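Here is the structure we will look at.
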Amino acid sequence: MVEIDAGGMYYRLLNEKIKALARSGCKEITVRNVCGQRYIGAGFDFKDLRINLYGTPGNDLGVFINGTEILVNGNVQDGTGNTMNSGRIVVYGDAGDITGHSMRGGEIFIKGNVGYRTGIHMKEYKDMRPVMVIGGTAGEFLGEYMAGGMIIILGLNGGNLIGNYAGTGMHGGTIYIRGKTPDVIFGKEIKIFDLEEKDYKTIMPYLERFANYFDCSLEKIYETKFRKIVPVTHRPYGKIYSY
Amino acid sequence: MEYEQLKLIEKSVKIPSGCGVAGIVNKNANRFSGEMIVSSICMMKDRGNGLGAGYAGYGIYPEFSDKWCLHVMYDKTGEKEKVEEFLEARFNIVEQEPIPVRKVKSLSFIPVLHRYFLDIKNKFSDNLTSEEDFILETVMKINRNFDGACVFSSGKNMGIFKGVGHPDEIAEFYNIHNYKGYTWIAHNRFPTNTVGWWGGAHPFGILDWACVHNGEISSYGINRRYLENAGYYCTFYTDTEVITYLFDLLCRRHKLNFEMCSYVLASPFWEEIERETDVKKKKLMKFLRIIYASAMLNGPFAIIVANSSVLIGMNDRLKLRPLVAASKDDFVFVASEESAIRKICPHPERVWMPEAGKPIIVHLQENKNYGEIKKYK
Amino acid sequence: METKYLIIGNSIAGVSCIEGIRSIDNVGKIVVVSKEDIQNYSRPLISYYLAGKISENSMAFRSAEFYKENSIELILNVTALSIDTKNNTLITNTGNIRFEKLLIASGGSPIVPNIQGYSKDIQGIFTFTSFSEAKKLKKYVEEEKIDNAVILGGGLIGLKCAEGLLEHNIKIHMVELSDRLLSSTLDKDASNFIETVLMEKGCVVYKNDTIENIYSENNKISKVKLKSGKEIETKLLVIAVGVKPETSFVKDTGIQCNRGILVDQFMKTNISNIFAAGDVAEGKNLITEKSSLIAIWPVAARQGKIAGINMAGGSAVYEGMFPMNAVEIAGVPVISFGITAVDNLENYEILKKSDGKTYKKIVLHNNKIVGSIFLGKIERSGIYAGLIKNQINVAEFKSFLLEEDFGLLILPEKYRKHIVVGDGIEV
Amino acid sequence: MVKPKRIIIKEEYCIGCRLCEIYCVTKHSCAKEIIKMYKEKKIASESGICFEEKGSISFAIQCRHCDDAPCLEACITGAMFRDKDTGRVLHNKEKCVGCWMCVMVCPVGVVKISQSEKRVASKCDLCIDREFPACVENCPNEAIYVVDYEGKKITKE
Amino acid sequence: MAKSKNISDFVIERDQNRCIKCHACVRVCANDVHFKDDATSEVASDDSKCVGCHFCEDLCPTGALVIRKNPSETRENAHWKKEYIYRIVRQAETGGIVLTGMGCDRPYKNYFDHILLNAAQVTNPSIDPLREPMELKTFIGRKIDAVNLDDLNWKTTSIDEIMSGLLELEVPIMFSAMSFGSISLNACKAIAEAAKLCGTYWNTGEGGLHQSLYPYADRAIVQIASGRFGVSSEYLSRAAAVEIKIGQGAKPGIGGHLPGEKVSQEISLTRMIPQGSDAISPAPHHDIYSIEDLRQLIFAIKETVDYKKPVGVKIAAVHNVAPIASGIVRAGADFITIDGVRGGTGAAPVVIRDNVGIPIEIAIAVVDQRLRDEGIRNQISIVAAGGFRTSSDIIKAITLGADAVYIGTSALIALGCHVCQKCYTGKCNWGIATQDPYLTRRLNPEIGTKRLCNLLRAWSLEMKEMLGGMGINAIESLRGNREQLRGIDLSEIELKILGIKHAGESW
């Protein structure tokens, strides 16, 4: 394992260093004293690389990433996993706004809470199915314009599970929420259902992974029933035009 | 038309003009009388129409060789005092006097002509990083803000003399034959309409650059906007002004050498660049053309540009205007017509015509007699 | 006499051979011997001649210039007697010809079964496989003002002859040994169809029957008696039971024969400078993949050409063909390919469609077409021939095979593009 | 002038307008003027084009003028012949007896039975008397074009 | 259901004396306008379905068809014009937003038509472009302000660095963003191939990069819009440049969406979304709510492509365009695309298209001036878009200060488009704005490429003529050279904004 001290380092240099190490065959890189460096892992294509970050990485962590695992020991800022293609981001803390914006594949695990507009315009394609598991709560506009993939909100730490306008303009994918349906304003385009057996089967591997990463009890997670938010149509705006 | 009106026109619109140009340089910086250049430019009298002529000589003020010398013309009463007040605030005026002139009957609208030899009081005020930029700014300020004043020469140990008239008349007026210089350039103007303003005559100068020009720059509009971005305000609406500023910007500020400068001003065609076999040179040519796209001089021109250490004759990239060069001993001559050279040097060693866009660059040998010669290359 | 190339037979196989040779060798001497007395004629045209649809002048399928342009020495009225394979010499009734390369394209000769009362000398009995016979027949019909005739054999030759005779308003009695007309090329349905058409034209068809006895008066035929007992008075009998390869002169020459002369894929016999093509040769049947006689014009043309190319030192391979026939009976066109009637339905799949005026049948084996019949409407049937020849798997578009608008569009894209734009467009 | 050898079909660009047929018929009829010809039913020719259409795919196919043309081999009268100058496979109506051997062997299925003279086969002659076949010249989308012997596309310019 | 009170936009005149009943019109009309009337065996038409695309007219072998505007007139009323009346009728019947295609068709003042070009007479020579070199080569991207010999130290590496970030255009005309989805793949192919052949660039729009277009990727400017369709690191790395689309002239501030029924298999492949699913592009980028967020995305892209490609930002020309442009320069963009009010689209609400934004002429003028005033003009290239109809429009745009232009509608017209403005129906008879396999085949990309190349060639020739006339032989000497322009019939404020003098004023 190789270590980099990112203290005072500008993001461009940091990314260059990480890339150079990865190209030389390095499989695991630990970066300490991360503070505000943006775009860590931008467009990375290193399939079996793992990056351990200590500190607070800057915005757009893992933007356009295409297969690398990033573990963050700390909170992350805005735009984590922006337009991500594949790979995995695990955050041992909270995440900021627009986490997983437009992500098309890969996985994001957040131990704590996420900010506003999380999973906005997530989409899926063929066997690419993005998944985001959030241990805590999410802000407003969760899964807005969501077109595919799944978001799982666990609410393990209490607080308001989700904010208003979840699933606005949603036309694909599923949001799983743990616990009773919160008393918030939902987007017009969604419906809420109880889970069927097969739904539990679908989310199980991700919950297991979540429990594994964050060392929490799977039983505790299952103690509370899940519900799911799904779009009523994948053509939400088909009828507002006069042809 | 009233003088004021004529001046207004001259100062507010660009007047295209045809011209004759001539230049003589002694490579060893040996000074010689202005008579030679007068004789040369007068040979091409038919290239002008009596509405403008002028001379620039280098090495003419050896006693003040380290002082900035401003030639200023005043055509409004009271303006002189204002300008001098402005100058005193910035400079120590070492010497000042009316420019000596002789009465020539045919000349009219003659302004008050005065020269100042200056030392900069507070060299680097206003965050300017060089003396030259300070002088530049001073000239710009006077020319923009003082309506009745015009600085028409602002170098060291050099001076520009110009006015509305035929070249022989202007020479007589300023006593050009009385001055001795090592480089001379001259201009005979043919504007396309009547002008009465002496400031509109050529050469045009800034710092120790002086420039005479024959032709019209069709790219004027963008060259001007480009220069304004760099802090050069074109108050004279002449192509020559733009060319002079471009030389100052590129050669002095951006430190391009004259060859590179020629790639900018008379850019080689893309096809030519494509054919260049020296990879490094090719890259540089292309690069310069891209970066200085707005500085390219497009349209017909033949120019002679001088400063204290160099004389350059150059054509546009298609050679749409005439230019001839000749050399004998340590002299190099450049002119619109060969006759203008033959007149003063009947048997040159070599006579040639420069290629389109390829400048004739004559560097002066350093000469201890005439102070330091600045090298911009 | 000596020649570089010697060709026995002047029909399509021989002529194609000339074209094959000349596509490679422009100068080598070519001698063609023919036992007939006419420079060039198309054998299948004899029924049209008989019908009076074309004149004697139009019988040629190649003009006289053809022989001139290709510098062919054509020797008529020569009958091949034997071949001296050791000395590369053809022995004929008029002399010997030495050759470097020989093509046997002697075609076939009509089969005349043993019938009681038959004699070569009886007038009014004809075969129908050569122009000379056809000429004699036509002359006889016209001179004798024949108004009814018996044709023995309901195969292709018999029907062709019938077609010709029908034009002379002759009532035809057709005697066929098997249970249906054109038994070798058509199934029962199609056969019935043909039979109906013929009957509408005034023909009488006797199936499962044959002529047992021929009666003659004054050395002229007067009556035939069928096996079934039926007696038909007639002044004209055409024996059209088939042809056999003309291999009589090949006997004891060492050239291997089965029913016809055996050839390899280069149309070469077991003797390295002797080739055979046309009705006399046995080539590969693409459908059965066996060596067999396919006595049809296009096969003869192809074989002759391939033989010619190989004789001249080129290299061409005969990939095999399959039986196919086109015939028009009383204005109804019929085209058939390959195996059209099968009994063993386990191995075959049959697709059929009929609307009373047309009939279409496809026989499939392992999802490949092995045979088909088109009756009434025959346009674009060649596409099916292509599918058979290229052994295209039709599983994907089977349901379209019988469609009215069946066309190239239905075919697999790759094959279609091959046909449409491919450089090897011939398929 | 390079002589066209065959018409190549870009089925992916056939728009199914069937103008090729109209121009083919016009060209081969004695009238030559579309409106009068159609209006007065003076259609003296038939199109040498087989037009196929299924779903969104369509194309017009004409005689391929194959290098190794089966119809030439199968013709019992010599009516089908290869033009020496242009390499085209042409058909002499006068000689044809309508035996349908050509129809039988053409793997492209483009030898048609003439409707006006039932005993004669008919097919594309690549507009032997014109620089470009009428169908090619009038195809609005270059879904058919001509190539020379080497398979090179021939265009007007 | 009550009978519709709407009227047909067009009437079809069929000259029965000329109609030969070949049915070509019946076969080709995607709107089912023409049909064979079994009762009369004549060919007839249903005018109400006609969109005025003129495809049938073009195809009819006998010229029997003429499509005319429906002459039916409502009572003359300068305010309640026919089109407004019938728009209300339509909305009263459907309750929906009225969509339209292509650019704004309102008769706002067209400044191009009020600007005149100069020509050289006597004092300098005009140049004959047929004989003498005439250069249109243009470079798009971030340039430096000054070449300092000391800094360069004759090292060419820094030169390389700057030059690798520039797009080299043989003609200052690029093909505007038109996604595969809004137009057919054949149209994309024709455009891409033409861009390659003509030495210019094409723009993928927000449609991803179809595999069959990979050969043209080195000439592609790929777009990132709010839907992020087809955007991946591979997409970014294949392209020549990246453009972040914030807005579009035809619908500033409005998102877009490709209805699910148009998301075919191929489109699903390039957009990387499931077949049949709506492709919704939200109005804003949800990761850009402010200018610093734009900088964040610009540098996210630069970081991903190792700073090797120019990154541009496309905005609609709106009232505040000049300061916005300045902000975009300072946010690190290498080129800015400004799309004027007449910019085209496949679908936009008509009220937005016709009423939002400002003309491109004005936008170029103010942006160029603003950037010069701030001394940052050289750091960015200005690409202008929005309704360029002729080469003179382009020359004027460049003279006002644009580096290059994008053409969209004019390119489509070259491909056959007759600007019927019905792109959003997906039934484009010319095979352009459609995904219907029966219709897309109508655009043979080979022909399309040829026509586009011809257009660019023709316009280049004309531009050279105009340049030569002005005595200028390189386009860079015209760029921003507003002295060469004069306004006609313009007010003082208009002249001031455009930065040009009025006709009659000399230098």
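Bear in mind that the values here come from a model prediction, so they are computed numbers and not experimental data. So that the names make sense, note that chain A is the first sequence line, chain B the second, and so on, each numbered from 1.
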[X] versus chain C, the contacting section by heavy-atom distance below 4.5 Å:
X       : value
I113(D) : both
C99(D)  : both
E94(D)  : neither
Q62(D)  : neither
C50(D)  : side chain
K95(D)  : side chain

With rounding to the nearest 0.5 Å, note down the distance linking CG in N325(C) to CH2 in W100(D).
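Between atom CG of N325(C) and atom CH2 of W100(D) there are 16.0 Å.
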
Find the distance between CD (E19(C)) and CD (E73(D)) and round it off to the nearest 0.5 Å.
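Nearest 0.5 Å value for the CD-CD distance: 9.0 Å.
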
Quick one, [X] and [Y] - any side-chain contact, counting heavy atoms below 4.5 Å?
X       : Y       : result
K305(C) : L72(D)  : no
S381(C) : V103(D) : yes
Y48(C)  : T77(D)  : no
F61(C)  : I76(D)  : no
D405(C) : K54(D)  : yes
M101(D) : P44(C)  : no

Given a strict heavy-atom distance threshold of 4.5 Å, which part of [X] is in contact with chain D: side chain, backbone, both, or neither?
X       : answer
L409(C) : both
Q303(C) : neither
F337(C) : side chain
A60(C)  : backbone
E379(C) : both

Taking every heavy-atom pair that is under 4.5 Å apart, which of [options] has the most such pairs with chain C?
options                         : result
V111(D), I57(D), V110(D)        : I57(D)
I7(D), V97(D), I61(D)           : V97(D)
C71(D), S58(D), G78(D), A121(D) : G78(D)

Between P107(D) and G386(C), which heavy-atom pair has the shortest distance, and what is it?
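The pair with the smallest heavy-atom distance is CB-CA, 4.2 Å.
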
So which heavy atom on F59(D) is nearest to which on R416(C), and how close?
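For F59(D) and R416(C), the tightest heavy-atom pair comes out as CE2-CD, 3.7 Å.
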
Salt bridge check, E52(D) against R380(C): does any charged N sit closer than 4.0 Å to a carboxylate O?
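So R380(C) pairs with E52(D) through a salt bridge.
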
Less than 4.0 angstrom from a charged side-chain N to a carboxylate O is my criterion; do K84(D) and E69(C) meet it?
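Salt bridge flag = yes for E69(C) with K84(D).
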
Check the surroundings of atom [atom1] in [X]: do more than 12 heavy atoms from other residues, nucleotides or ligands lie under 6.0 Å from it?
X       : atom1 : result
E396(C) : CD    : no
E404(C) : CD    : no
F400(C) : CZ    : no

Between L387(C), I296(C), I335(C), the one whose heavy-atom pairs under 4.5 Å with chain D are most numerous:
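Top option by heavy-atom pairs under 4.5 Å: I335(C).
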
